[in-house]
**Q** 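Quick one: the structure is below, and I'll ask about it shortly.
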Amino acid sequence: MRNPLADVTVPILDDLIESDYVRSLIVGTVGVLGALLVLGALFPDSVAGDLSGIVFSASTASSTARLAAPIVLAGLGGIFAEKSGVINIGLEGLLIISAFASVYVASVVGIGNAVLGVPAIWVGFLAGIAASTALSGVFGIVCIEFKADQIIAGLAVWLIALGLAPFMSTVFFGGVNTPNLGASVGWEYSAVMVIAATIASWWALNRTAFGKHLRAAGENPKALDTVGVSVSKVRHAGVLLSGVLSGVGGSALALSIGQFVGSGETMVQGKGFIAIVAYLFGNYNPVGTLGAGVLFAGLDAVQIRLQQLGYAVPDTLVQTIPYVVVIVVLALVGRTQLPEAAGEHYETED
C-alpha cells in the first residue's frame, strides 16, 4: 500500500546557509555591527563610540545570554507546539509559573542542602520544568481532547499564571517578590542550555521520524491518521515539549538572579510573547529562532547599559522593537509559512 505521507508537502526551511531569507538577515546584522564598530573606532567620544563599547563588551554578552534564555527556549517550545497544529500563545504563562516554582522549591529545600545528591538550586530548576510541563499538559488536554479555542485557552494559561504566581509568593513569602536565595545559576549555564536545545530541536524536527510526524500533524493530519499514527498523541507530545522547554527558560531566568519578582508583569516582562515573535521571525527554524532571540535580548541588554551611562532610553520603547522589526522584516524580506492545520481541531477516522 502506498504511504500517504509521501504526498505530504511540508514547508521546511532550507539549511541555514542556503536560505536567502536567513542570508539577508545575517548580512544585514553583520553590516550594522560592522558599521557600528568602525564608527565607534573613528569617533570614540561620540554616541557611536559609547554604543560600540557597550555592544562589544563582555558584560553585555553575559546579560544577553541571561535574557535570551527564556526567549529562545520558549520560542523553541512554541515551534514544537505549532508545528504539531496547536497554537500555544500561553508561553508567557509557562515562563512565569516555572520561574516561581523553581525559586520556591529551591528555597524549601534550602540552599546548601541537597535531595538525593542534587543541590537545592538544581532541584528547584527541575521543579520549574515540572510545573511548566504540568500546566502545558492541562492546556493540551483542554485544546486537543475538549477542542477548546486554542487562542482563548492560551490567554487563560497566561492570566492564570500571572495571577497565581504572585499570589502564591504572597502566601509563602509575604510579598509578590520572593527573598533572594543567595545563590544563582551562572549565565554560562544559560548559554549552554540554549545552544544545546537549539541543536537538539533542529535535529528532532528535521532528522527524526518524530519530527516528520509532528510536521504532518500540523500540515496534513488526515495523512498521518491514515498510516496509523495518532494525531492527538503527536500533538500532545508537541505541547508537552513546549512546556518542558519553557520550563527550562523560566527556571534559568529566575535562578540566574536567585529570586522571583512578581510585581507588574512579573520578571518575565513579556518574554513569552517575544518568544512567539522570535520563532515567527525565524520562520519556525530553531536556528533562526536562536538568532532572533539573541538579537532581541541584546537590544534589551544594550538599553539597560545606555541608561546606566545617562542616556534617557525608555525601556518601554525598546520593548516594542521586536514587534516592529519582525513586521518590517517579514514584509520586506520574507514570509512566515504557518502550518496548514495550525489551530484546527482534528477528528480521528477510526
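The analysis underlying the following values was restricted to heavy atoms, covering all of them including side chains, and did not include hydrogens, waters or symmetry mates.
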**Q** Would you say the side-chain atoms of Asn283 pair up with the backbone N or O of Asn285, donor to acceptor, closer than 3.5 Å?
**A**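 No; judged by distance alone, with no hydrogens or angles, the pair does not exist.
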
**Q** Mind checking side chain to side chain donor-acceptor pair (under 3.5 Å) for Ser107 and listing every partner two or more places apart, or none if nothing turns up?
**A**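 Checked Ser107 against side chain to side chain donor-acceptor pair (under 3.5 Å); zero matches.
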
**Q** State plainly whether one hydrophobic cluster holds both Val227 and Leu214, where clusters connect Ile, Leu, Val, Met, Phe, Trp and Tyr through side-chain heavy atoms under 4.5 angstrom apart.
**A**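 Cluster IDs for Val227 and Leu214 match.
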
**Q** The criterion is side chain to side chain donor-acceptor pair (under 3.5 Å); which residues satisfy it with His236, sequence neighbours excluded?
**A**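 Side chain to side chain donor-acceptor pair (under 3.5 Å) list for His236, sorted by chain: Glu145.
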
**Q** Over all heavy atoms of both residues, which pair between Ala254 and Ser102 is shortest? Give the atoms and the distance, please.
**A**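 Minimum heavy-atom contact is CB-OG, 3.9 Å.
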
**Q** Is there a path of hydrophobic side-chain contacts, each under 4.5 Å between heavy atoms of I, L, V, M, F, W or Y residues, that connects Val108 with Leu164?
**A**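 Yes, because Val108 and Leu164 connect within a single hydrophobic cluster, where side-chain heavy atoms sit under 4.5 Å apart.
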
**Q** Report the residues that fulfil salt bridge (Lys or Arg N to Asp or Glu O under 4.0 Å) with Lys233, sequence neighbours left out, ordered by chain and then residue number.
**A**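 For Lys233, no residue satisfies salt bridge (Lys or Arg N to Asp or Glu O under 4.0 Å) once neighbours in sequence are set aside.
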
**Q** Using the ring-ring contact (aromatic ring centres under 6.0 Å, His included) rule, collect all pairs that involve residues 57-85, keeping only residues at least two apart or in two chains.
**A**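 ring-ring contact (aromatic ring centres under 6.0 Å, His included) check on residues 57-85 returns no pairs.
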
**Q** So how far is it from Ile274 CD1 to Leu95 CG, rounded to the nearest 0.5 Å?
**A**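 So the CD1 of Ile274 and the CG of Leu95 are separated by 10.5 Å.
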
**Q** Is a side-chain donor or acceptor of Arg235 paired with a backbone partner of Ala217 at a separation under 3.5 angstrom?
**A**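 Pair found, side chain donor or acceptor close to backbone of Ala217.
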
**Q** Keeping to residues at least two apart or across chains, list the ring-ring contact (aromatic ring centres under 6.0 Å, His included) pairs with something in residues 129-162.
**A**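 Checked against ring-ring contact (aromatic ring centres under 6.0 Å, His included) - neighbours excluded - the pairs reaching residues 129-162 are Trp158-Phe273.
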
**Q** Give me the one residue out of Arg215, Glu82, Lys83 that meets side-chain hydrogen bond (donor to acceptor under 3.5 Å, both in side chains) with Tyr284.
**A**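 Going through the options one by one, the only one that passes is Glu82.
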
**Q** Scan residues 105-128 for pairs that pass ring-ring contact (aromatic ring centres under 6.0 Å, His included), counting only residues two or more places apart or in two chains.
**A**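 The answer is Trp122-Phe125, Trp122-Tyr189.
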
**Q** By the ring-ring contact (aromatic ring centres under 6.0 Å, His included) test, which pairs, at least two apart or in different chains, include something from residues 241-261?
**A**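 Sorted result for residues 241-261: Phe100-Phe260.
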
**Q** What pairs with Thr289 under side chain to side chain donor-acceptor pair (under 3.5 Å), at least two apart in sequence or on another chain?
**A**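 Here no residue qualifies.
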
**Q** Can you hop from Val192 to Val248 via hydrophobic side chains spaced under 4.5 Å?
**A**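 No, Val192 and Val248 fall in different hydrophobic clusters.
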
**Q** Walk me through whether Glu347 and Lys147 qualify under side chain to side chain contact (heavy atoms under 4.5 Å, CB included).
**A** CA-CA 10 Å; Glu347 290 287 352; Lys147 298 177 173 55; 3.0 Å; yes

**Q** So, does Asn180 use its side chain to make a donor-acceptor pair with the main chain of Ile257 at under 3.5 Å?
**A**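 Confirmed, Asn180 side chain pairs with Ile257 backbone.
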
**Q** For the pair Arg66 (side chain) and Trp187 (backbone), establish whether a donor and an acceptor sit closer than 3.5 Å, ignoring hydrogens and angles.
**A**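 No; judged by distance alone, with no hydrogens or angles, the pair does not exist.
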
**Q** Looking at every non-hydrogen atom in both residues, tell me the closest pair between Val239 and Ser136 and how far apart they are.
**A**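 The pair with the smallest heavy-atom distance is CG1-O, 3.2 Å.
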
**Q** Looking at every heavy atom in both Pro221 and Ala341, which two are closest together, and how far apart are they?
**A**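 Reported closest heavy-atom pair: CD-CB, 3.8 Å.
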
**Q** Decide yes or no for Thr266 and Val261: does some side-chain heavy atom of the first lie under 4.5 Å from some side-chain heavy atom of the second?
**A**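 Answer no - side chains too far apart.
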
**Q** For Val72 versus Gly293, what's the shortest heavy-atom pair and its separation?
**A**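 Reported closest heavy-atom pair: CG2-CA, 3.8 Å.
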
**Q** Under the side-chain hydrogen bond (donor to acceptor under 3.5 Å, both in side chains) definition, can you give me all pairs with a residue in residues 86-101, not counting sequence neighbours?
**A**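 Checked against side-chain hydrogen bond (donor to acceptor under 3.5 Å, both in side chains) - neighbours excluded - the pairs reaching residues 86-101 are Asn88-Ser242.
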
**Q** Between CD1 of Ile144 and CD of Gln150, what distance do you get to the nearest 0.5 Å?
**A**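 That separation rounds to 8.0 Å.
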
**Q** Return the set of residues passing ring-ring contact (aromatic ring centres under 6.0 Å, His included) with Phe172 (not counting sequence neighbours), or none when no residue passes.
**A**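 Per chain and number, Phe172 pairs via ring-ring contact (aromatic ring centres under 6.0 Å, His included) with Tyr104.
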
**Q** Just how far is it from atom CD1 of Ile121 to atom OG of Ser251, taken to the nearest 0.5 Å?
**A**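 Rounded to the nearest 0.5 Å, the CD1-OG separation comes to 10.5 Å.
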
**Q** Thr60: what forms a side chain to side chain contact (heavy atoms under 4.5 Å, CB included) with it, not counting sequence neighbours?
**A**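 Listed in chain order: Ile54, Ser57, Thr64, Ala301, Val302, Arg305.
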
**Q** Can you measure from CG (Leu67) to NZ (Lys271) and round to the nearest 0.5 angstrom?
**A**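 If I round to the nearest 0.5 Å, the distance is 5.5 Å.
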
**Q** Whether the side chain of Ser132 engages the backbone of Gly128 through a donor-acceptor N/O pair (distance < 3.5 Å, no angle test) should be reported.
**A**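 No: the side chain of Ser132 does not pair with the backbone of Gly128.
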
**Q** Locate the shortest heavy-atom distance separating Ser62 from Ser59; write the atom from each residue and the value.
**A**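 Taking Ser62 first and Ser59 second, the nearest heavy atoms are OG-O, 2.8 Å.
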
**Q** Determine, using the 4.5 Å side-chain heavy-atom cutoff (strictly less than), whether Ile160 and Val142 are members of one ILVMFWY cluster.
**A**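 Per the 4.5 Å side-chain linkage, Ile160 and Val142 are not co-clustered.
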
**Q** Could you give the distance from CD1 (Ile97) to OG1 (Thr133), rounded to the nearest 0.5 Å?
**A**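 OG1 of Thr133 is found 12.0 Å from CD1 of Ile97.
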
**Q** Output, in order, the C-alpha distance, side-chain angles, deciding distance and verdict of side chain to side chain contact (heavy atoms under 4.5 Å, CB included) for Arg207 and Trp202.
**A** CA-CA 8 Å; Arg207 293 292 186 269; Trp202 187 91; 3.6 Å; yes

**Q** Would you compute the distance between atom OG1 of Thr198 and atom CG of Leu290 and round it to the nearest 0.5 angstrom?
**A**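 Separation between the atoms: 4.5 Å.
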
**Q** Answer yes if Leu224 and Leu240 sit in the same cluster of Ile, Leu, Val, Met, Phe, Trp and Tyr residues linked by side chain heavy atoms under 4.5 Å apart, and no otherwise.
**A**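 Different hydrophobic clusters.
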
**Q** Please name the pair of heavy atoms, one in Leu205 and one in Pro286, separated by the smallest distance, quoted to 0.1 Å.
**A**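 Result for this residue pair: CD1-CG, 3.8 Å.
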
**Q** Could I get the full list of side chain to side chain donor-acceptor pair (under 3.5 Å) partners for Ser230, not counting sequence neighbours?
**A**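 Listed in chain order: Ser232.
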
**Q** Is any side-chain heavy atom of Phe173 closer than 4.5 Å to one of Val103?
**A**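 With C-beta onward as the side chain, the pair stays apart.
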
